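Note that the structure is a prediction, hence the values are computed from the model and not measured. In the text below, chain A, chain B and the rest are named by the order of the sequence lines, each starting its count at 1.
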2 protein chains.
Amino acid sequence: MQTDTICLGLLMSGPKTGYAIKGILSGPLNQIYNLSFGSIYPALGKLTREKLVTFKQQSQDKKPDRKIYSITKKGINHLKEALLQDAGNYIRSGNYGDQIKSEYAMLLLFSEALPDETVKLIIDERILYIKQFLNLITYEGPLSEEDNLQPLRRSPQAKFMRGLMSEVIQTALDYIEKNRKKLHG
Amino acid sequence: MQTDTICLGLLMSGPKTGYAIKGILSGPLNQIYNLSFGSIYPALGKLTREKLVTFKQQSQDKKPDRKIYSITKKGINHLKEALLQDAGNYIRSGNYGDQIKSEYAMLLLFSEALPDETVKLIIDERILYIKQFLNLITYEGPLSEEDNLQPLRRSPQAKFMRGLMSEVIQTALDYIEKNRKKLHG
DNA sequence: GTTATATATATCAGATTGATATATCGTCAA
DNA sequence: TTGACGATATATCAATCTGATATATATAAC
């Protein structure tokens, strides 16, 4: 799946700045997909040139300008075709190319080479982080005054993913708390 | 965590070819970390130049040559230092930079734009894939005649990770089977 | 008063991917 | 039997992506 498709998909739930797209990908979707600014801004530029999105420049009083991007009709059609093709590729190849790099998991896997106290510390830290993240995705209330993320959060698809994530993360948390003694004295 | 560190860590459980390292990362560790050949071979070359690994060239009868890499004493020291520093960075920043791109999860999130039959199909396919992967990591028996992966699989760290993965994946499987109706008619 | 964090866009060196090339062997089907 | 395919094995490279950095302002903390 291309970066373009991700941006278009996220713009389906309403107009957003590049910064907001990064915020969604760094926040609730953190364990699902992430992109750097260096991918997002060029993608939005390319999509603008192809007229799959448009933007309104909003010069704010004493704040940096915002470019608020919206998906066009052409963009919606393009998104549908791209997703259908991605789905087709998946079905044909059985391979979705999920790309995962969990440095934390590798650190635990190699933790025999670390002092016991260090292993304890990184597990304590991780447990705190997981609990915070669980709160983030379990939280149902409004996010801010100008809450334009509601459409994304209230779709059945988003609810499905949030439910899946919270169950999976809760399982991981329980497992780590129950079995951490296998990794340190 | 650098690619170098991943290679050194995997070589701690015994000598391996670059191809074997890729095999481990594409197989049981698939949902944890992955690297392409284009990262692995240059990393092994760099590690050789730095004398952190050595290799024996094995010319096989009518098969391609193999370069079997082993970690050196210097390499072991380097690994310990690198892991300690990575752990320190984590504790200080609270951020491990886990990098995740699950195209499948994004496809489900955007699946409103797909026909119902397609959504059904990709979920059916995914359930099959998950079941296969569960078998792969749950399997305890020997892997092949020349089974040099046993040290990696039998360490407490590897058992911990396999247990964690199988519980998490089982939870995901149950959730998808129970809730898939929310995504298609 | 200064340090840090949030909002917001943008760029770029260096790292990574996914594809491709090369070479041999075994297997499975037409 | 021949041709296609997959496994073993190394290697390279264009296109893409990351992580860091730059720029600019406001607000909160210390």
Side-chain angles (χ1 to χ4, degrees), chain A residues 1-7 15-27 30 33-48 55-69 86 89 93-101 103 143-146 148-149, chain B residues 1-7 15-27 30 33-46 48 55-69 86 89 92-101 103 143-146 148-149:
Chain A
M1 192 179 296
Q2 267 143 274
T3 296
D4 296 20
T5 312
I6 302 290
C7 291
K16 283 166 193 62
T17 64
Y19 188 77
I21 289 175
K22 174 63 177 163
I24 294 167
L25 259 19
S26 305
N30 187 46
Y33 211 94
N34 211 340
L35 288 170
S36 65
F37 285 122
S39 294
I40 294 167
Y41 286 120
L44 290 171
K46 191 191 156 207
L47 289 169
T48 303
F55 69 89
K56 282 183 198 167
Q57 192 123 17
Q58 201 182 67
S59 41
Q60 302 179 111
D61 233 28
K62 307 215 172 185
K63 273 188 187 177
D65 283 6
R66 313 169 83 197
K67 288 181 184 173
I68 305 174
Y69 290 89
D86 286 338
N89 287 341
S93 71
N95 172 14
Y96 238 53
D98 285 6
Q99 191 208 86
I100 300 175
K101 287 191 203 302
E103 302 195 355
L143 292 170
S144 65
E145 309 117 56
E146 270 188 72
N148 49 10
L149 242 58
Chain B
M1 192 179 296
Q2 268 143 272
T3 297
D4 297 20
T5 311
I6 302 291
C7 292
K16 284 165 192 64
T17 63
Y19 188 77
I21 289 174
K22 174 65 178 162
I24 293 168
L25 259 17
S26 305
N30 187 46
Y33 211 95
N34 212 340
L35 289 170
S36 65
F37 285 122
S39 294
I40 294 167
Y41 286 120
L44 290 172
K46 191 191 155 206
T48 303
F55 69 89
K56 282 183 197 166
Q57 191 122 17
Q58 201 183 67
S59 39
Q60 301 178 108
D61 233 27
K62 308 218 173 183
K63 273 188 187 178
D65 283 5
R66 314 168 83 197
K67 288 181 184 173
I68 305 172
Y69 291 90
D86 286 338
N89 287 340
R92 261 169 258 128
S93 72
N95 172 14
Y96 240 52
D98 286 6
Q99 192 208 87
I100 300 174
K101 288 192 205 297
E103 301 196 354
L143 292 170
S144 65
E145 308 117 57
E146 271 188 69
N148 49 10
L149 242 56

Quiz prompt | Between D/dT10 (P) and B/L44 (CG): distance, integer Å | solution = 9 Å

Exercise. Would you mind telling me which of C/dG18, D/dT10, D/dT18 lies closest to the side-chain atoms of B/F37?
Key: D/dT10

Self-check item: Length of the line joining B/I21:CD1 and D/dA9:P, which is rounded to integer Å
Solution: 13 Å

Quiz item: D/dA15 P sits how many Å from A/Q2 CD, rounded?
Solution: 14 Å

Practice problem: Please report, rounded to the nearest Å, how far the P atom of D/dT8 is from the NZ atom of B/K67. | Solution: 19 Å

Quiz item: Between C/dT9 atom P and A/Y41 atom OH, what is the distance in whole Å?
Solution: 4 Å

Quiz item: Within the structure, does a side-chain N or O atom of B/S39 lie under 4.0 Å from either OP1 or OP2 of C/dA15?
Solution: no

Quiz item: Under 4.0 Å between a side-chain N or O of A/Y19 and OP1 or OP2 of C/dT7?
Solution: yes

Quiz item: Base, sugar-phosphate, or nothing for B/G38, non-hydrogen atoms under 4.0 angstrom?
Solution: base

Quiz item: Is the shortest heavy-atom distance from the side chain of B/Y69 to the side chain of B/L44 under 4.5 Å?
Solution: yes

Practice problem: Classify the nucleic acid contact of A/N95 as base, sugar-phosphate or nothing, counting any heavy atom under 4.0 Å across all strands shown. | Solution: nothing

Quiz item: Under 4.0 angstrom, heavy atoms only, what part of the nucleic acid is B/S36 near: base, sugar-phosphate, or nothing?
Solution: base

Quiz item: Picking from D/dT18, D/dA9, C/dA8, which would you name as closest to the side chain of B/K101?
Solution: D/dT18

Quiz prompt | N or O in side chain of B/T3 less than 4.0 angstrom from C/dT16 OP1/OP2 | solution = yes

Quiz prompt | Sequence-distant partners of B/D4, salt bridge (charged side-chain N to carboxylate O under 4.0 Å, His left out), two or more places apart | solution = B/K46

Quiz prompt | Over all atoms of both residues, closest heavy-atom pair of B/I40 and B/G18 | solution = CG2-O, 4.0 Å

Exercise. Write down the distance between CG (A/D4) and C1' (D/dT16), rounded to a whole number of angstrom.
Key: 11 Å

Quiz item: With under 30° as parallel and over 60° as perpendicular, where do the rings of A/Y19 and A/F37 fit, or are they tilted in between?
Solution: parallel

Practice problem: Determine the minimum heavy-atom distance between B/M1 and B/D86, stating which atoms define it. | Solution: CG-OD2, 3.4 Å

Self-check item: DNA chain D: 5'-proximal contact among B/Q99 and B/Y69 (nearest heavy atom)
Solution: B/Y69

Quiz prompt | Separation of D/dT18 C1' from A/L35 CG (nearest whole Å) | solution = 10 Å

Exercise. With heavy atoms under 4.0 Å as the rule, sort B/K22 into base, sugar-phosphate or nothing.
Key: nothing

Quiz prompt | Between P of D/dT8 and CD1 of B/I24, the distance in whole Å | solution = 13 Å

Quiz item: Base, sugar-phosphate alone, or nothing: which one does B/K46 contact when heavy atoms must sit under 4.0 Å apart?
Solution: nothing

